[in-house]
Amino acid sequence: MEVVIKETYEEMSLLAAQLIADVIRRNPRAAIGLATGSTPLGTYRELIGMHRDEELDFSQVISFNLDEYVGLPIDNEQSYHYFMWENLFKHINVTPANVHIPDGLADDLKEACDSYEIEIDDHGGIDVQLLGIGSNGHIAFNEPGSSLGSRTRIKTLTEKTRQDNARFFNSIDEVPKYCVTMGIGTILESRKLVLLANGENKAEAIQATLEGPITVSVPASAIQFHPDVTVIVDRAAASKLTREYHTEPSRFNFQ
Ligand code: PGA
């Protein structure tokens, strides 16, 4: 596991975008796993800039998002479908048919979850998965207590996550209670993981994820099982770490 501490959110975002761009340049048909929330916005801005200024080509890239709320229409501004088109897809040359986001409106949600797993498999798995982390240590919507071997499925959001996400809605009552999310087992099968965290409210979760035991109480700690993880944090999110870490990634990430 490689942990890189950057001084600022902007530097963290640039490095994450460089890692993803590197995967795409080496394999223009790469399958990239994407995340929502405020954390990856800077990374998406950098990727958009690389598309505009450096001809980073997304036309053959396949994307799989981590999660979606249950019951929000895709044109609802809080849906993750809306988020992804607004903050990334409409600014790059992605092919719409190559975009995959879990379907939170399916009549048969369980069937939709199973199909999502099959689609990931049919594309040969995910090459690089971008991850945020919740202040309670969740990854995607795998809340504390989630099985470390879990697959894409319906989950109930914890009160903590609903409160954290209420800032995007008019009130907490509007925050959905259920979601569809890739499982921890699904995430761990990606060939490479890039986990990002910024801000002091993530410091405790980051410390537990990187320096604590692997436990369902901190779902993100499962990344310790993965052979190719880069964790990029800003100085505030790193503030509770006790070991020594790098400020630059090893050159191997760019080979
Ligand atoms: P945030 O959410 O990026 O909005 O902090 C991350 C998460 O909950 O996984």
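The structure presented is a predicted model; accordingly, all values stated were derived computationally and were not measured. First listed ligand is number 1; within each ligand, the first listed atom is number 1.
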Phe64 and His100 aromatic ring geometry - parallel, tilted or perpendicular at 30°/60° bounds:
parallel
Do the rings of Phe141 and Tyr80 sit parallel, tilted or perpendicular, given the 30° and 60° boundaries?
parallel
Does a side chain donor of either Arg153 or Asn142 reach within less than 3.5 Å of an acceptor in the other side chain?
yes
Assess the side chains of Ser115 and Glu119: does a donor N or O sit below 3.5 Å from an acceptor N or O?
no
Heavy-atom contacts under 4.0 Å to ligand 1, chain-then-number order, include exactly Gly37, Ser38, Thr39, Gly132, Ile133, Gly134, His138, Arg167, Lys202
Could you tell me if the side chain of Met50 sits less than 4.5 Å from the side chain of Leu14, heavy atoms only?
yes
Donor-acceptor contact below 3.5 Å, side chain Glu117 vs main chain Arg151
no
